[in-house]
Amino acid sequence: MRTSPEVYVSRPAAEAALWALGQNGSADCDQDRRYRVLVLLATFASLRWGEVTALRRCDLDLAAGIVRVRSAYAERSTGELVLGSPKSRAARRIVGIPQSLTPVLREHLSLFVGPEPEALIFPGAKGGPLRRSNFNRMSAWPQVVRTIGAAGLHFHDLRHTGNHFAAASGVSLKGPDGPDGTRPRAPTWPSQARSTHISRPPGPASTRPPITHQKCRRGRLFCSPWSA
């Protein structure tokens, strides 16, 4: 879709172009994977909305398996998006990411991100910062979470889910602060050299508990893949 113009003279022209892209293989006619990596990275790196939407190509080091959180977007009551420092000094950090995310991150960078080091990793439709309201609309977030049985799940709950996964896997996302306010050591997920997906406990499928959604002590919702 990046090879096509963003504005068409008429709706029929836009529909004709879309059908052509779907038929010749230039577009994925089944789903838009634009926001898939956004959800995965926000979860497994435990990132806030303002942090993940402020990430730039230069913040991601796939070879080292880390992402650097240097800034964050904040939306004022007037609707203005302001780029500033993260929520706190401790929020300015380096976070390790599972190796299993590397292929999808690499694909996302090649399809949706400009080549410039300062290009946003998750830009809006016109290349600017991604607004939460636009994300909810374009990804159909309320409908999607309702479909999977997690009605009321907020984007910020992904962060708590990531913290839960990290704790269950024996991973610490915290570390000592360096002199520049960043955390010099990125945590390593278990089996970083192999696959790092979260799997259910072993056993016959009939004995495995279903995916459920629980509330932590602060009352925040998180997804647990093997909670009783």
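Everything numeric here is computed off the predicted structure, so don't read it as measured data.
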Do you know which two heavy atoms are closest between [X] and [Y], and how far apart they sit?
X	Y	result
Gly162	Ser46	C-OG, 3.5 Å
Ala119	Gly114	CB-O, 3.5 Å
Arg70	Pro86	O-CD, 3.4 Å
Ser100	Pro103	O-CD, 3.4 Å
Ala72	Ala54	CA-CB, 3.8 Å
Arg131	Trp49	C-CZ2, 3.6 Å

Side chain to side chain, [X] and [Y], heavy atoms closer than 4.5 Å:
X	Y	result
Ile97	Leu60	yes
His154	Val145	no
Leu130	Leu38	yes
Leu55	Leu41	yes
His108	Phe122	yes
Phe155	Val52	yes
Thr53	Leu81	no

Output the distance between atom [atom1] ([X]) and atom [atom2] ([Y]), rounded to the nearest 0.5 Å.
X	Y	atom1	atom2	result
Leu62	Thr102	CG	OG1	5.5 Å
Leu111	Arg106	CG	CZ	13.0 Å
Leu120	Phe112	CG	CZ	15.0 Å
Asn163	Leu158	CG	CG	11.0 Å
Thr161	Phe44	OG1	CZ	9.5 Å

- Query: How are the rings of Phe135 and Trp141 set to each other: parallel, tilted or perpendicular (split at 30° and 60°)?
  - Reply: tilted
- Message: Suppose the criterion is salt bridge (Lys or Arg N to Asp or Glu O under 4.0 Å): which pairs have a residue in residues 47-58, not counting sequence neighbours?
- Response: Arg48-Glu51, Glu51-Arg93, Arg56-Glu118
- Could you walk me through whether Ile121 and Val37 pass the side-chain contact (heavy atoms from CB on, under 4.5 Å) check? CA-CA 10 Å; Ile121 295 180; Val37 175; 5.9 Å; no
- Item | Within one Ile-Leu-Val-Met-Phe-Trp-Tyr cluster: Met138 and Val144, side-chain cutoff 4.5 Å | no
- Query: So His160 and His164, ring-ring contact (aromatic ring centres under 6.0 Å, His included) or not? Walk me through it.
  - Reply: CA-CA 6 Å; His160 300 288; His164 172 71; over 10 Å; no
